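Small disclaimer: the values here were computed from a predicted structure and weren't measured. All ligand and atom numbering here is 1-based and tracks the order in the structure.
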Amino acid sequence: MTARKIIIDTDPGQDDAVAILLALASPEELDVLGITAVAGNVPLPLTHKNARIVCELADKPDTLVFAGAEAPLTRKLVTAEHVHGKTGLDGPQMEDPVMPLQDTHAVVFIIETLRREPTGTVTLCPIGPLTNIAMAFQQAPDVVERVQEIVLMGGAYFEVGNITPTAEFNIYVDPEAAKIVFASGVPITVMPLDVTHKALTNRARVDAFRNMGTEVGTMVAEWTDFFERFDKEKYGSEGAPLHDPCVIAYLLKPELFSGRHVNIEVEIESALTLGMTVTDWWRVTDRPPNAMFMRDIDANGFFELLTERLARL
Ligand code: RIB
Ligand code: CA
């Protein structure tokens with residue numbers, strides 16, 4: 001079986017880092033054509049630096065990392081240092097990366113890659129705000145129909161918001177970009193908070209990382225130790241929701257997830273509900289379904305997969 005070609009669009013963030021490690025640990029199934037950084041959890045200079053730190057941690061310094069948008073399409077950047085810390089990867093001490101940042105802008109890389117690769121063979125995996133993806137679609141409308149699938153982490157419905165009462169962070173940071181993506185017509189699979197909040201670390205799961213006895217296992221354990229304090233305090237949950245790795249786990253074992261193909265629209269007008277992903281789960285409107293909204297996960301199977309793969313690095 002040939003490996004599935006993917007581009008990971010990311011704003012590392014501890015959970016982004018675990019997602020990138022999971023992808024790089026799975027070369028038989030996933031061919032990471034490039035990693036494109038976007039401003040989100042922390043500003044762009046940190047997200048592209050962190051993406052390279054993670055690639056070096058995975059011992060994959062030849063991975064192509066690109067810098068993309070430093071701000072949303074029209075709005076001021078909102079960041080999440082309160083969750084991820086000042087560096088975006090708070091927890092363990094980390095060395096600056098040595099591997100280079102590519103000169104090409106991330107949006108140009110996305111466009112050029114989609115034009116170069118055969119139609120329907122590249123999957124986009126956005127796990128941060130959707131600014132880079134929307135910019136690529138705006139600048140080169142011809143590439144939209146060439147995308148195989150978009151598998152993204154973002155949005156929420158029954159679980160409601162994590163940055164406002166109604167909006168999930170990735171969508172909230174750039175709602176206009178999200179609206180463009182959800183209206184694109186590309187097949188979309190969504191990992192919203194409704195499912196990622198069921199992918200919770202706990203002591204045994206974090207110990208499984210720590211007990212690997214590898215630098216990767218130790219770093220992931222220390223990242224989750226830091227990252228989980230926000231959700232434990234806010235939700236009283238047992239551990240941290242590993243949001244972004246759900247995207248990669250879906251590509252590796254889709255059977256871990258279940259959901260429903262429904263209509264999802266993004267609120268961009270109301271100040272009260274800006275960035276809300278209005279999900280017609282009960283199909284009460286005639287709005288056409290445009291995304292697979294994942295709502296359930298086999299959490300034990302997810303952590304078994306994650307632990308087995310991270311142990312390879
Ligand atoms: O709301 C969770 C999402 O926002 C995750 O992608 C996390 O990394 C942050 O970007
Ligand atoms: Ca992210």
Legend entry - Side-chain (D15) to main-chain (L242) donor-acceptor, under 3.5 angstrom: no
Inset, instruction - Kindly assign one of parallel, tilted or perpendicular to the pair H243 and H197, based on the angle between their ring planes and the thresholds 30° and 60°. - result: tilted
Legend entry - F226 six-ring face occupied by R229 cation (under 6.0 Å, within 45°): yes
Legend entry - Donor-acceptor pair, side chain of T164 and main chain of A167, under 3.5 angstrom: yes
Inset, instruction - Report the distance from atom CG of D16 to atom CG of D244, rounding to the nearest 0.5 Å. - result: 4.0 Å
Legend entry - Side-chain (T279) to main-chain (W281) donor-acceptor, under 3.5 angstrom: no
Inset, instruction - Quick one: give me the number of protein N/O/S atoms under 3.0 Å from the Ca ion (ligand 2). - result: 5
Legend entry - Residue shell around ligand 1, heavy atom under 4.0 angstrom: D11, D15, D16, N41, H84, I127, M153, N162, E168, F169, N170, H243, D244
Legend entry - Pairwise salt bridge (charged side-chain N to carboxylate O under 4.0 Å, His left out) hits with a residue in residues 259-276, at least two apart: none
Inset, instruction - Write out all pairs satisfying salt bridge (charged side-chain N to carboxylate O under 4.0 Å, His left out) with one or both partners inside residues 95-115, taking only residues at least two apart or from two chains. - result: K49-D96, R115-D142
Inset, instruction - Give me the ring orientation class for H82 and F230: parallel if the planes are under 30° apart, tilted from 30 to 60°, perpendicular past 60°. - result: perpendicular
